[in-house]
Every structure is written in C-alpha cells, then in structure tokens.
Student: 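This is the structure I want to talk about, given as structure tokens.
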Amino acid sequence: MTAATLAVLASCSSSHGKEPHRPGVEAATRLGPGEGPDLPPPAGTAAPSSAAPSVGSPADWPTEPVAAAEAPTVRSQVIEPGYTGESYLNHLATTWGITMKAREKVDFPGRPTVWHASGVKQDGNTAMWIAAAWTIDGDLTTWSCHVTATAAKQADFLHDCAGLDHPGAEPESTKTWLDAMKPRVDTAFAAGRAPIDSPLHRSGPVAFILQKGPDGTYSGDYYELRTFGVGSS
C-alpha cells in the first residue's frame, strides 16, 4: 500500500493491509501521518513521500482512477457503534479456507490502541488474504481483501468481500460497481504499472476503494478491495 492512505480518527483508529508473511500489518503502518513506524514498500512499488499528506473527506476523492500516491488521505470512522463484522469475517474465512490469526493490539504513537486481525491463504505463486481493524471497544472501522490478480476465482473472492453485511449495505450495487470499475482500474494501471486507486463507492456508512498494483512477493499483480467507515453524511 502506498501514501494514498486511510488515516484514522483519534477516537477510532484502525489498520489493515499487507506485509510478506504477515498480511495486514504493512498497511496498518501506512494509514496516515504519525500512525506508526513505516515499513519498506513492497517490491515494485515506489516509496511514499516523506511529506505528510493532508487529510480530506470522501468528497475530495477523485472521480476517475488515480495513482495511489496522489489520492487524498481520508480518515476512517466507526461503521456503526456495535457493528463488529465478525459474522461476515468468519463467513469469508470459512468459505475461502483462510486461517485467521488471533486479534492483536496495534499501538500508533499519539493514537488509541486498536485491534487488528488478518489471515492468508497461499496457493503456489498466488495468495488471498483478509484483514480487519476495530476500535478497542470492538467496533469495526476498516476491512480489506487482497488477492493476486492471477489467482483462481479472484473475481468471486472480491465479489464475496463486497458483500460485507454492514448496516445500510447494498451488496448487489457494490458488486455491480466492482465489475464496472475493474476494467477502468486495469487500464490506468497498465499505463504506468504503479498502484492505482479507483473512485470511491459509497454504500450507507462505508466507502469502497479498489486498488491494483504490482506485487513482488507473489507472481503477478494484485487487487485490493478496501472498505472503511465514512459516517452517514
């Protein structure tokens, strides 16, 4: 993941992403300025700028696919108090044979401690993983699904991830958006081979972003579908 990040509110800090052999942790350290120690970027991606990006709102997000390094930082929020996403997380893990690690606490300097969990399934030179983050009170704030572009059933996996049963969810609309957005992101990515972020898709109190980028850990490129709370406005 790049400097196009999802920063977290001081009251509801969150994390998700990828690190070789420890999926979900790299992006946890890349969610925004001052969120934690920075890790080296994955092979094939540019190092993020040392300048801290300004924090914007979902309304600031580009309406066309954009280089991830140029996308604004948006602070994630609790999706809804009391909503944990646990049942859907368990559904995904069971359906796709992904073994989840136990939740762990992640500390960001100057931010509240958060809970983070992730799991990965490797199949030859491909992999798929899921990661999620919650406030210390257990409210879900972010959710990510990452899959090698050449993985078998990668489209089905992303579709399943788009079906998160959050309050106000419109899974069929989200899946239709995903199908229409993938070729646009593919085209933008092919032009420069740098990570590309899609426009936002809003569904109730959450937003979705589809990212495509080069993956030096496994063979080929990756897709990542990121979901994060943005409130009801």
Side-chain angles (χ1 to χ4, degrees), residues 1-6 16-20 23-24 26-27 30-31 41-49 53 58 60-74 92 95-96 98 120-131 142-164 170-203 206-228 230:
M1 189 170 296
T2 67
T5 54
L6 306 179
H16 66 279
K18 178 177 186 295
E19 177 190 45
E26 178 177 311
R30 293 187 181 279
L31 291 178
T45 64
S49 168
D60 299 323
W61 202 268
T63 57
E64 295 293 331
V66 64
E70 299 174 6
T73 295
V74 176
L92 276 181
T95 300
W96 295 96
I98 297 173
V120 62
K121 177 184 178 181
Q122 299 186 36
D123 184 6
N125 288 326
T126 67
M128 59 178 60
W129 56 256
I130 51 182
T142 60
W143 171 284
S144 291
C145 292
H146 181 115
V147 61
T148 309
T150 55
K153 298 185 177 180
Q154 58 89 356
D156 292 336
F157 175 62
L158 291 175
H159 259 216
D160 208 357
C161 293
L164 180 64
E170 299 176 342
E172 294 309 313
S173 173
T174 301
K175 293 172 186 179
T176 298
W177 166 83
L178 178 62
D179 289 340
M181 188 54 61
K182 282 180 74 175
R184 294 173 60 188
V185 169
D186 288 341
T187 298
F189 174 70
R193 299 288 303 168
I196 294 292
D197 280 352
S198 75
L200 292 182
H201 171 70
R202 290 290 300 269
S203 177
V206 309
F208 291 83
I209 299 170
L210 178 66
Q211 183 179 94
K212 186 174 185 180
D215 192 337
T217 306
Y218 303 102
S219 297
D221 307 319
Y222 70 85
Y223 290 107
E224 183 177 342
L225 184 66
R226 287 182 265 156
T227 307
F228 60 102
V230 291

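All of these numbers come straight from a predicted model, not from anything done at the bench.
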Student: Would you say that Asp221 contacts Arg193 through its side chain, given a criterion of any heavy-atom pair below 4.5 Å between the two side chains?
Tutor: yes
Student: Between Val185 and Gln211, is any pair of side-chain heavy atoms under 4.5 Å apart?
Tutor: no
Student: Nearest 0.5 angstrom please: Asn125 CG to Thr150 OG1, how far?
Tutor: 8.0 Å
Student: So, taking the atom named CG in Asp156 and the one named SG in Cys161, what distance separates them when rounded to the nearest 0.5 Å?
Tutor: 11.0 Å
Student: Is the shortest distance from a Lys or Arg side-chain nitrogen in Arg226 or Asp197 to a carboxylate oxygen in the other one below 4.0 Å?
Tutor: yes
Student: Is there a side-chain contact between Phe208 and Leu200 in this structure, where contact means two heavy atoms from C-beta onward sitting under 4.5 Å apart?
Tutor: no
Student: Can you measure from CD (Glu172) to OG (Ser203) and round to the nearest 0.5 angstrom?
Tutor: 11.0 Å
Student: Is Trp143 reaching over with its side chain to a backbone N or O of Ile130, donor-acceptor style, under 3.5 angstrom?
Tutor: no
Student: Please give me the minimum heavy-atom distance between Phe228 and Thr142, naming the atom from each residue.
Tutor: CB-CG2, 3.9 Å
Student: Salt bridge or not for Glu224 and Lys212, using N-O below 4.0 Å?
Tutor: no
Student: Between Thr148 and Tyr222 (side chain of the first, backbone of the second, donor and acceptor by atom type, cut-off under 3.5 Å), is there such a pair?
Tutor: no
Student: Please tell me if the side chains of Met128 and Cys145 come closer than 4.5 Å, counting only heavy atoms from C-beta onward.
Tutor: no
Student: Which heavy atom of Trp61 sits nearest to which heavy atom of Pro72, and what is that distance?
Tutor: CZ3-O, 3.1 Å
Student: Look at the side chain of Ser198 and the backbone N and O of Leu210, then say whether any donor-acceptor pair between them is shorter than 3.5 Å.
Tutor: yes
Student: Kindly give the heavy-atom pair with the smallest separation between Gly163 and Pro171, and that separation in Å.
Tutor: CA-CB, 4.0 Å
Student: One pair to check against side-chain contact (heavy atoms from CB on, under 4.5 Å): Leu158 and Gln154. What are the steps and the verdict?
Tutor: CA-CA 6 Å; Leu158 291 175; Gln154 58 89 356; 3.7 Å; yes
Student: Quiz question: by atom type and distance under 3.5 Å, do the side chains of Asp215 and Tyr223 form a donor-acceptor pair?
Tutor: no
Student: Sub-3.5 Å donor-acceptor pair from the side chain of Thr95 to the main-chain atoms of Leu92, do we have one?
Tutor: no
Student: Could you label the plane-to-plane angle of the Trp129 and His146 rings as parallel, tilted or perpendicular, counting under 30° as parallel and over 60° as perpendicular?
Tutor: parallel
